[in-house]
Amino acid sequence: MAAEDEILDVVDENDRVTGQAPRGEVYAKGLRHRAVFVLARDAEDRFFVHRRTPIKLVFPSMYDMFVGGVVGAGESYDDAALREAEEELGVSGLPRPEPLFRFLYESGDGRAAWWSSVYQVRCTLPVNPQVEEVAWHDFLTPEELERRLTEWEWVPDGLAAYERLKALRA
């Protein structure tokens, strides 16, 4: 199945399911849906950072400090977080990601919004990221990541999640 044909739950401002639609339609019409963001750290406490491929439907060729994606119709946030983390990192047998918080992300132009559930996971396995999803990757120290925030073009939803995470931990 092509990514744009994947069926997603459409949700309201309180994250209650109101219907279902294909991902392509959800994106085209700016329908509110669900997504997961998983902050993956290695054994040395470095962050997995990657650049998205140019063929991605949303935010192509931009950098992200989270792995993740949309929550499928009828899928729980927790199940989506584990599925997406394993898919994007190219591993199996990850521990279940730990939920941290949830927020409603709204795009700067007001044309899109999605409920975003943020997680963290420790990945001590060798990663083999999906070539369809990840054009480049590395594990960066917190200091390296902070330096790159002003140098690279980051996905806006991931950046919003990261800023919220930093504020919670401050």
A.B. asks: For R111, does the CZ atom have more than 12 heavy-atom neighbours from other residues, nucleotides or ligands under 6.0 Å away?
C.D. replies: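 Open.
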A.B. asks: Could you give me the CA-CA distance, side-chain angles and deciding distance for M65 and L149, then say whether side-chain contact (heavy atoms from CB on, under 4.5 Å) is met?
C.D. replies: CA-CA 10 Å; M65 68 283 290; L149 290 177; 3.8 Å; yes
A.B. asks: I need the D42 CG to F139 CZ distance, nearest 0.5 Å.
C.D. replies: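 Those atoms lie 5.0 Å apart.
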A.B. asks: Any link between L165 and V67 through a network of hydrophobic side chains (Ile, Leu, Val, Met, Phe, Trp, Tyr) touching at under 4.5 Å?
C.D. replies: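 Not linked; separate clusters.
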A.B. asks: Provide the closest heavy-atom pair for Q20 versus A73 in the form atom of the first, atom of the second, distance.
C.D. replies: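 Closest pair (atom of Q20, atom of A73, distance): NE2-CB, 3.4 Å.
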A.B. asks: To check you understand the geometry: which heavy-atom pair defines the closest contact between S116 and F37, and what is its length?
C.D. replies: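 Looking at all heavy atoms of both residues, the closest pair is CB-CE1, 3.1 Å.
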A.B. asks: Would you mind reporting whether E153 and S61 have side-chain heavy atoms less than 4.5 Å apart?
C.D. replies: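 Side chain of S61 against side chain of E153, heavy atoms only: no contact under 4.5 Å found.
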A.B. asks: Are R83 and V36 close enough, and set up right, to give a side-chain contact (heavy atoms from CB on, under 4.5 Å), and what steps lead you there?
C.D. replies: CA-CA 10 Å; R83 174 183 55 78; V36 292; over 6 Å; no
A.B. asks: I would like to know whether R32 and D15 meet salt bridge (charged side-chain N to carboxylate O under 4.0 Å, His left out); could you show each step before the answer?
C.D. replies: CA-CA 9 Å; R32 194 176 295 114; D15 197 18; over 6 Å; no
A.B. asks: Any side-chain heavy atom of E146 sitting closer than 4.5 Å to one from Y162?
C.D. replies: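 Answer yes - side chains close enough.
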A.B. asks: Only one of H50, R51, R52, R148 clears side chain to side chain donor-acceptor pair (under 3.5 Å) with Y63; which?
C.D. replies: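 Exactly one option meets the side chain to side chain donor-acceptor pair (under 3.5 Å) with Y63, and it is R51.
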A.B. asks: What's the separation between atom OH in Y77 and atom CD in E84, rounded to the nearest 0.5 Å?
C.D. replies: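 Those atoms lie 13.5 Å apart.
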A.B. asks: Using the rule that two of Ile, Leu, Val, Met, Phe, Trp, Tyr join whenever any of their side-chain heavy atoms come within less than 4.5 Å, decide whether W152 and F47 are in one cluster.
C.D. replies: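 Yes, same cluster.
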A.B. asks: To the nearest 0.5 Å, what is the distance between CG on L82 and CD on E87?
C.D. replies: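 Here the interatomic distance stands at 9.5 Å.
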A.B. asks: From E13 CD over to L104 CG, what is the distance, rounded to the nearest 0.5 angstrom?
C.D. replies: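 These two atoms lie 9.0 Å from each other.
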A.B. asks: In terms of hydrophobic clusters joined by side-chain contacts under 4.5 Å, are W154 and V58 together?
C.D. replies: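 Yes; V58 is reachable from W154 via cluster members.
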A.B. asks: For the pair F66 and V118, evaluate side-chain contact (heavy atoms from CB on, under 4.5 Å) and give the outcome as yes or no after the intermediate values.
C.D. replies: CA-CA 9 Å; F66 293 95; V118 180; 3.9 Å; yes
A.B. asks: Could you walk me through whether W114 and V11 pass side-chain contact (heavy atoms from CB on, under 4.5 Å), step by step?
C.D. replies: CA-CA 8 Å; W114 46 89; V11 297; over 6 Å; no
A.B. asks: What about V131 and V49, same hydrophobic cluster or not, with Ile/Leu/Val/Met/Phe/Trp/Tyr joined at side-chain heavy-atom distances under 4.5 Å?
C.D. replies: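 V131 does not cluster with V49.
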A.B. asks: Of all heavy-atom pairs between A85 and V38, which one has the smallest distance, and what is that distance?
C.D. replies: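 Distance-wise, the nearest heavy atoms are CB-CG1, 4.2 Å.
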A.B. asks: Which donor-acceptor pairs under 3.5 Å do side chains of residues 89-103 form with protein atoms, sequence neighbours excluded?
C.D. replies:
from	atom 1	to	atom 2	distance (Å)
R96	NH1	D78	O	3.2
R96	NH1	D79	OD1	3.3
R96	NH2	D79	OD1	3.4
E98	OE1	Q120	NE2	2.8

A.B. asks: Closest heavy-atom contact between P54 and P60?
C.D. replies: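 Residues P54 and P60, closest heavy atoms: O-CB, 3.4 Å.
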A.B. asks: Nearest heavy-atom pair of F48 and P129: which atoms, and what distance?
C.D. replies: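 Where F48 meets P129 most closely, the heavy atoms are CZ-CG, 4.0 Å.
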A.B. asks: Identify the residue among E4, H33, E6 that makes a side chain to side chain donor-acceptor pair (under 3.5 Å) with R23.
C.D. replies: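 In the set E4, H33, E6, the residue that makes a side chain to side chain donor-acceptor pair (under 3.5 Å) with R23 is E6.
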A.B. asks: Measuring from L39:CG to R122:CZ, what's the distance to the nearest 0.5 Å?
C.D. replies: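 Atom-to-atom, L39:CG and R122:CZ are 9.5 Å apart.
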A.B. asks: If you draw a 6.0 Å radius around CD in E144, do more than 12 non-hydrogen atoms from other residues or ligands fall strictly inside?
C.D. replies: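 Yes.
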A.B. asks: Flag yes if more than 12 heavy atoms outside K29 fall under 6.0 Å of its NZ atom; otherwise flag no.
C.D. replies: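 Not buried by this count: 12 neighbours or fewer within 6.0 Å.
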A.B. asks: How long is the straight-line distance from CZ of F59 back to CG of D64, given to the nearest 0.5 Å?
C.D. replies: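 Rounded to the nearest 0.5 Å, the CG-CZ separation comes to 9.0 Å.
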A.B. asks: Would you mind telling me which of V10, T18, D9 makes a side chain to side chain contact (heavy atoms under 4.5 Å, CB included) with L31?
C.D. replies: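 Exactly one pass, corresponding to V10.
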A.B. asks: Side-chain contact, heavy-atom cut-off 4.5 Å: R46 with T141?
C.D. replies: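 R46 reaches T141 side chain to side chain.
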A.B. asks: Can you hop from V26 to V155 via hydrophobic side chains spaced under 4.5 Å?
C.D. replies: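 Yes, V26 connects to V155 through the hydrophobic network.
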A.B. asks: Checking the side chain of D138 only, and the main-chain atoms of L140 only, is there a donor and an acceptor separated by less than 3.5 Å?
C.D. replies: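 No, the answer is negative, given that no donor and acceptor are paired below the 3.5 Å cut-off.
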A.B. asks: If you take all heavy atoms of L8 and V71, which pair is closest and at what distance?
C.D. replies: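 Looking at all heavy atoms of both residues, the closest pair is CD2-O, 3.5 Å.
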A.B. asks: Tell me, with the steps shown, if E151 and R147 meet salt bridge (charged side-chain N to carboxylate O under 4.0 Å, His left out).
C.D. replies: CA-CA 7 Å; E151 298 172 6; R147 250 192 332 273; 5.5 Å; no
